[in-house]
Amino acid sequence: MTGSTLAGAVNSALRDAMAADERVVVFGEDVGRLGGVFRVTDGLRAEFGAERCFDTPLAEAGILGAAIGMAMYGLRPVVELQFDAFAYPAFEQVVSHLARMGNRTRGRMRLPVVVRIPYGGGIGAVEHHSDSSEAYAVHTPGLHVFTPATAGDAYGMLRAAIASPDPVLFFEPKRLYHVRAETDPAKETVAPIGTAVLRREGADAVLIAYGPAVPIALEAAAAARTEGWDLAVLDLRTLVPLDEETICDVVSRIGRAVVVHEAAGFGGFGAELAALIGERCFARLAAPVRRVTGLDIPYPPPRWERHHLPNVDRVLDAVATLGIR
Amino acid sequence: MTGSTLAGAVNSALRDAMAADERVVVFGEDVGRLGGVFRVTDGLRAEFGAERCFDTPLAEAGILGAAIGMAMYGLRPVVELQFDAFAYPAFEQVVSHLARMGNRTRGRMRLPVVVRIPYGGGIGAVEHHSDSSEAYAVHTPGLHVFTPATAGDAYGMLRAAIASPDPVLFFEPKRLYHVRAETDPAKETVAPIGTAVLRREGADAVLIAYGPAVPIALEAAAAARTEGWDLAVLDLRTLVPLDEETICDVVSRIGRAVVVHEAAGFGGFGAELAALIGERCFARLAAPVRRVTGLDIPYPPPRWERHHLPNVDRVLDAVATLGIR
Amino acid sequence: MSAPEMFLDADGTQIGAIPADLLDPETLVETHHALVLARRFDMQAGVLARQGRLVVYPSALGQEACQVGAVLALEPEDWFFPTYRDSMAMVVRGIDPVEVLTPQRGDRHCGHDPYEHRTAPPCTPLATQLPHAVGLAMAARSRGDRLAVLAFCGDGASSEGDFHEALNFAAVYQAPVVFLVQNNQYAISVPFREQTRAASLAAKADGYGMPGRRIDGNDVLMVRHAVGEALAAARAGAGPALIEAVTYRMGPHTTADDPSRYRDPEEERLWAARDPLARFGAFLRERGTLTEIVEKAAEADAEALADDLRARLEQEPVFDPADLFEHVYAEPTQRLRAQAAYLRAQMDAEHAAAEAAAEGARR
Amino acid sequence: MSAPEMFLDADGTQIGAIPADLLDPETLVETHHALVLARRFDMQAGVLARQGRLVVYPSALGQEACQVGAVLALEPEDWFFPTYRDSMAMVVRGIDPVEVLTPQRGDRHCGHDPYEHRTAPPCTPLATQLPHAVGLAMAARSRGDRLAVLAFCGDGASSEGDFHEALNFAAVYQAPVVFLVQNNQYAISVPFREQTRAASLAAKADGYGMPGRRIDGNDVLMVRHAVGEALAAARAGAGPALIEAVTYRMGPHTTADDPSRYRDPEEERLWAARDPLARFGAFLRERGTLTEIVEKAAEADAEALADDLRARLEQEPVFDPADLFEHVYAEPTQRLRAQAAYLRAQMDAEHAAAEAAAEGARR
Ligand SMILES: Cc1ncc(C[n+]2csc(CCOP(=O)(O)OP(=O)(O)O)c2C)c(N)n1
Ligand SMILES: Cc1ncc(C[n+]2csc(CCOP(=O)(O)OP(=O)(O)O)c2C)c(N)n1
Ligand SMILES: [Mg+2]
Ligand SMILES: [Mg+2]
């Protein structure tokens, strides 16, 4: 099964990175014996031993802090924070240290730490298990922020993240964990960091998405054909660094854009995208940049989460306002 | 001195609120005997006793958590987190509980907690003492986010915050603490929550600012006269709830806008403002919305902070791109 | 490591002097009744989760003595701060079982009114409820109200920073809080021995300057006694206390977990022999308190509870879109009102489309 | 509360059996020399702050025995994690005093190369460096490197969640870390007695399952001895230890603070009588180790250090705008390159304007 789903691709990437570089260590809550609550680290302890894949006490700041200390000594820790909302206790360590140590020490002490965060909703979970917290990360200079939408990218981007000298917050869309890949992810070429990919060409408008919103955007683009709209889909993949050139090229060419993400809209990453496009592509815009996002509410109980999340209808509603033809 | 500076106005507001309502309690690190490292709580312990104004052990999550528990029991805690960066350890309590308890309990258990956070730079301080973290707050549904730019507003807005049934993150621009007010702040009428104020009229473009950026915007508007530009200045005051109507009215009328804030630009609150304006005032915009913000770097050492911060020149550079006349 | 304090050994044989008030027959019967109902409730909830009526259920099978003993020690004016694991305790506290399971049913984050039962919403982020408990206790004390607060957490949660900050605050302000750590030997897959190197969790109390106690968490009388003493002391102004109740999570972490990946079934059998209900039942039988009438009454009430739970959870919860927006702030912002209107319109359109389709099908 | 462990009483009279290696005359002279230099450095830094050459300075006057004794116990391969208060310790560690004061000078966040001196950047967010120390120690151990890590924090910092999480991790993984808490009786204005209700901070050790020790932090030989023992044990694989060094912050929290607002000068006088330098000096004089030559040499070196510091801090640091952008990431992003170019242009324009103005004035 390894390699055939996004979760499997992450597992393969970890395994291959650990095999390739003995400085890579994997730890976090339940990642050892259990193989993680999503089984993403399954088998790593058996294969590499408890020294290189181990469980920790329940202390997220401690996990992050220990990873920082290990990186100071030359290791390449990949830690898992079990769910998005359980990354919050580590916030100070991330913002005040992980993001800043390289800059603080003028490059002498870089921290090649990867923080894996299963994020987002759509999995029918109880409170605190479905947050999307990427906006906090992107606004913190010094962090790289990745989020794959396919198994292939999950593999390639995680390998790139582990190889990177910079700290990376690696947001894994948990509702895509079990989506099957079309090809063997491990065979895909590693995408250079900071490149968006056009998942679908289109002439009327471009849907800009990342992580769990990418399949929604693709579905919406397919559905839009019946309305006679030809929509492109751009998957950002890395939010920091952001592929501003591709975004501007595509939007300038097409003239209309809708940003789609799961997190609450207000102050979300979609705001940066819309602002950026407004600033850089003003003259080429035929319509305002629309945002289709989660509602501006705390993540709702699982029974109602579909009313909160962006969906095809909402994307099409937004597209309908763009005055295409 | 009370009432004559922004710090004094905050002190007066706390004193008056404590006198008016015995449920109001003030606590945090060094707020008691010392009166706070900025002397903002000076005299409160002497006047109201150590039961209502007290020092805590050094534990920011503990402070926030205790405030939440007190509010559950009907008190109205006003806590101080000593500096912006020292609010980070309380992040989980703020995001997972303070922001959500009212919604979680369907209004049964509201948390009227005010969290005072001296924020921003420009005071020549060492690392971790000059962060601007409002963007994290605005993206968290359930929180109100206020930031005054004048002593009068500091008084009125803090009284409103303490009276509010909702939790409020109250960001105090520490570099304005010692700016003198023109009138007696306590005499000013309390501004209703969610209203921006036009600090200066202008026909060519509007500078949209809040907190420590407001004086810069006013200075820039004054300096712009020599270039022949007539600039309005809008002070947002409350970021959540945001006075979208006033923003849209003003921008639609004037047609050009520059957003100014101290925090890093990428993913900052300016992005939301620019996105919002782009969405709602698209047809009325004569030029792209520009952002003049802190650089996308960790806050620099104090000697170089002026190179990081928005200033009059940068605002005018941005205005120059708007194609006025 | 010496044995935890207990009144009854694993067979239910009395090995310590039990205070007279605990041996009052009514008290004994009440305790037994609660244990039986708690377990029946827990089993039923597990079944409902496996049937998909609940999105998940974290059972506390094996921890009934903690859940029942501690809550029975509470006075009505006291406050209780449970975790996601403490559904049984909430039922014992008097909360409607359907309200208790509402978060797991998935239609609301919290089913009950915290003020009605003086019970906080069950808390998921580990240890984060502990400082709330302390703050509430501080507030009650500052108001001159004579009450105590009981806060639960797990062995794993004791490693979180919030545990430390809360206990320190409680001690510094002499807040009337009793911290009960249910040491059920596991934090999901991580065994207690990997959670800390301390001889016991009770050993942490000294570091905060509060009394600490390590008790057998499968001995319901000991739990009720130790928690009762600590609550009484707290009410009387003697400050907080830490109690470690040594117990065992007999089931999986939640219905989504598979313990065979990380623990030996032999261990489960070992602990099954220390079953809290069997132990207490043997003791009561030996004393002659557990008559057939008493036993049957408890079983009948337990079945009634389970029947009621099943029946009421059969019903699909009704969705009111206003629910999503109404309580984010005391007054919805303009922005939220606009989003509510949009959702309403979207639902109306869907509804109309469905109607039209049905209409079409009917023709 | 019993007295902390000490070798010398406040007058410098020996009251405990001192291990022979500590009484080696070279060791004694080295220790004395370091104490004198440390204090001179600290005084000079305070003056520079009051003159505005530093933006602020947090003096550790009165804590010299901790700063010197602990660092002298380190081996070169060991790592050291200081706080903002531990500038003296960093100087004793061998870091150029100007580099030590660079964060306070305000031109860089960290002046020294952490790898050159195996010393982390001095840490400001309280207790947050402690998990780093643990992680580094874990890494070293996993690599099979025989070294220990010394991590400092204050009494106030012991209340932070990160303190708890770090100590627990260290114990669980048996990481070779020695946590030295300088209990200087204050956290800014908050006295130790309001920070915790524990009898001592060393009492926390038991709760983590590690050895704890409470020593007189004004007795440099005791500090060197206790820290040395703990480091040796850690290097040998015996795991972490917690040491509380009881001392006193003789000065204000920083040059921006005014202690008269919160403490009694009487208390300061009391502690002045326990001055660590006076105590050690008396002991050495009594032994005949502190000859005039030794004393003069130390003073001369101390003055030379102060002179050098003054002279070098006279110079204005030079600003290179690239500095702001170059190290945010290993490779500056396109966005940062654009911002750097903008700043450069802005500075050039300012420069040109200033030149033109000067030119105009000259004509
Ligand atoms: C801050 C935080 N981190 C992680 C989790 C995920 N999580 C839920 S329960 C659990 C184990 C808790 O163990 P313990 O405290 O012993 O309680 P138990 O489940 O055994 O009752 C974990 C890691 C969480 N809920 N909160
Ligand atoms: C997380 C955090 N909260 C608050 C502060 C502000 N602050 C700086 S020093 C200090 C007091 C620290 O006291 P202690 O730990 O005893 O160390 P000392 O200053 O006495 O050396 C405080 C509150 C901080 N630096 N970090
Ligand atoms: Mg447990
Ligand atoms: Mg101190």
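Convention: sequence-line order gives letters A, B, ...; per-chain numbering from 1. Bear in mind the structure is a predicted one, so any value in this text is a computation, not a measurement.
- Between chain D and the residues Glu160(C), Met210(C), Glu194(C), the most heavy-atom pairs under 4.5 angstrom are made by Glu160(C).
- The choice from Ser158(D), Ala203(D), Gly161(D) that makes the most heavy-atom pairs within less than 4.5 Å of chain C is Gly161(D).
- The residue among His164(C), Glu165(C), Lys204(C) with the most heavy atom pairs within less than 4.5 Å of chain D is His164(C).
- Within 6.0 Å of the CZ atom in Arg197(C), the count of heavy atoms belonging to other residues, nucleotides or ligands does not exceed 12.
- Of the listed residues Gly239(D), Gly207(D), Gly212(D), Ala205(D), the one with more heavy-atom pairs under 4.5 angstrom with chain C than any other is Gly207(D).
- Residues satisfying the side chain to side chain donor-acceptor pair (under 3.5 Å) criterion with Asp162(D), sequence neighbours excluded, are Gln93(A).
- Among residues 168-179 of chain C, the residues having any heavy atom closer than 4.5 Å to a heavy atom of chain D are, in sequence order, Asn168(C), Ala171(C), Val172(C), Gln174(C).
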